[in-house]
Number of protein chains: 2
Amino acid sequence: MPGSTDRKKNRLTAEERRAAIVEAAVRLFAEKGFRGTTTRELAAAVGVSEPVLYQHFATKGDLYTAIIEAICRHRDRDRDGLLELARHAEDDEAFFSRLAELILEWYDEQPEVVRLLLFSALEEHDLKDRFVETQVAMLYEILTEYLERRMDKGVFRRMDPYLAARAFTGMVSHQGMAKVVFGIDDLRGSRQEIARKIADIFVNGIRSHGAQGA
Amino acid sequence: MPGSTDRKKNRLTAEERRAAIVEAAVRLFAEKGFRGTTTRELAAAVGVSEPVLYQHFATKGDLYTAIIEAICRHRDRDRDGLLELARHAEDDEAFFSRLAELILEWYDEQPEVVRLLLFSALEEHDLKDRFVETQVAMLYEILTEYLERRMDKGVFRRMDPYLAARAFTGMVSHQGMAKVVFGIDDLRGSRQEIARKIADIFVNGIRSHGAQGA
DNA sequence: TTGCTAACCTAGTGACCGCTAGGTTAGTGA
DNA sequence: TCACTAACCTAGCGGTCACTAGGTTAGCAA
């Protein structure tokens, strides 16, 4: 049986090699974009020759598609946790603070996915649409649902829930984008503290004037 | 004297041709990025042959630098108007609403500059640093100054002015980014109305709880 | 009308791109 | 030990890239 857990081999099984290629491709495409990455340097990063890439992926574009699939599959697992959080949330500050923290965490821990997504949007690849249709749509669904529920209770002021949702995600992800894309990281405090402060501004901004303060 | 206002000529003066090249380059680089744009299609877009490009710019990179200069010079003219706005502002809602409107206007009217900036940041070109050091720094200077002034007066709550400034610009520019980069434009209402609603959320979010409501 | 020159073009250059034909070898099962 | 095969490599294909040497011509001055 080829390719068990043996570490002495310098030949991998097809499955292992494929995974290694995808991993290196995510790193390189995130760093230099699709057009900016050559199959030569990709092969060098994996530690094999170019034809090995083409045994697993017919074209460079197919490799890009495979990466998209891998990322989307990985991110779909976050879905359930987020829905759970929204359903059982009772304290507004705590809910938005936790949500902000999760988003900031994403920027911190997966900057290569953020860059990949931006490259994809600018270069008009498919990841953009896949991402918007699944991840973004889910986040907005959760947010607008929560906001409308609290508006109905009179805790939040009546307003366009989509605008409010975008305002919130904007406050948070702009912070993440500044760090990942522009290298600006000048805010004091931990990720949790920053998330809490942003949530505080937002919740106070949409709360009915009669309701209790922070 | 060559190259006056005559429209029948199909030969331009060096100055006119140079300007035409820069104009076409801004459009193409914004659409497809630096790496994604070839000198062939650039020449075709201008309506000349490739060597003409190289009579004005020694390399493709030099042309990119020239574009950066042109954009930065153009945007520096907005500086005075913004400073004026901040100094004489009395009504908080009006100030932040106007500021939001100006930022949204920028995304609407110069989407190619936005894309150029993002490409530049991802591809690690110079426009990123030039932009951050001038435009972004100026905007944050104006915002933090205004915020600290209002905090001193007790109208706004005490908080990190940089975090508040980033939260505000985030709310606004995330909306612009969604439209320009991801093609999402689902909010109802005019640009002015959206700006007003965003400013409303922000000002209520940072105002002292004893102060007057909207 | 003609001569001059700045603006332009044709026709390439070497380098590197994505991709492939065909040969080599490491690791396994018998 | 040896044969088999899946995993690998060397060498190079046609095409396109950024860039250029050297010739052509439009448009102005006289």
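The analysis underlying the following values was restricted to heavy atoms, covering all of them including side chains, and did not include hydrogens, waters or symmetry mates. Within every chain, numbering begins at 1; the chains are lettered A, B, ... in the order of the sequence lines, protein sequences first and strands thereafter. Note that this is a predicted model, so its numbers are computed, not measured.
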Rounded to the Å, how far apart are [X] [atom1] and [N] [atom2]?
X	N	atom1	atom2	result
A:E16	D:dA7	CD	C1'	12 Å
A:Y54	C:dC19	OH	C1'	5 Å
B:I21	D:dC19	CD1	C1'	14 Å
A:F57	C:dG18	CZ	C1'	16 Å
A:L12	D:dC8	CG	P	6 Å
B:L53	D:dC19	CG	C1'	10 Å
A:Q55	D:dT10	CD	P	14 Å
A:R17	C:dA26	CZ	P	14 Å

From [options], nucleotide with atom closest to [X] side chain:
X	options	result
A:T39	D:dC8, D:dA18, C:dC19	C:dC19
B:T38	D:dC17, C:dC8, C:dG27	D:dC17
A:V48	C:dG18, D:dA7, D:dC9	D:dC9

Exercise for the section: For C:dA6, take OP1 and OP2 only and decide whether either is under 4.0 Å from a side-chain N or O of B:R11. Expected result: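 The answer is no; no side-chain N or O of B:R11 sits under 4.0 Å from OP1 or OP2.
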Practice task
Would you indicate, yes or no, if C:dG27 has its OP1 or OP2 atom less than 4.0 angstrom from a side-chain nitrogen or oxygen of A:N10?
Solution key: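 It does, given that an N or O in the side chain of A:N10 lies less than 4.0 Å from OP1 or OP2 of C:dG27.
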Practice task
Ignoring hydrogens and angles, answer whether the base of D:dT16 and the side-chain atoms of B:R40 contain a donor-acceptor pair closer than 3.5 Å.
Solution key: no
Practice task
Look at the rings of A:Y64 and A:F29 and say which category their plane angle falls in: under 30° parallel, 30 to 60° tilted, over 60° perpendicular.
Solution key: tilted
Exercise for the section: Look at the rings of B:W106 and B:F131 and say which category their plane angle falls in: under 30° parallel, 30 to 60° tilted, over 60° perpendicular. Expected result: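 Aromatic pair B:W106/B:F131 classed parallel.
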Exercise for the section: Under 4.0 Å between any heavy atoms, over every strand shown, what does B:S49 touch: base, sugar-phosphate, or nothing? Just pick one. Expected result: base
Handout entry: Ring centres under 6.0 angstrom apart (B:F34, B:F119)
Key =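 Between B:F34 and B:F119, the centre distance exceeds or equals 6.0 Å.
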Exercise for the section: Keeping the roles fixed (side chain from B:R35, backbone from A:G36), state whether a donor-acceptor pair exists under 3.5 Å. Expected result: no
Problem - Check ion pair B:R87-B:E145 (N to O, under 4.0 angstrom) - result: yes
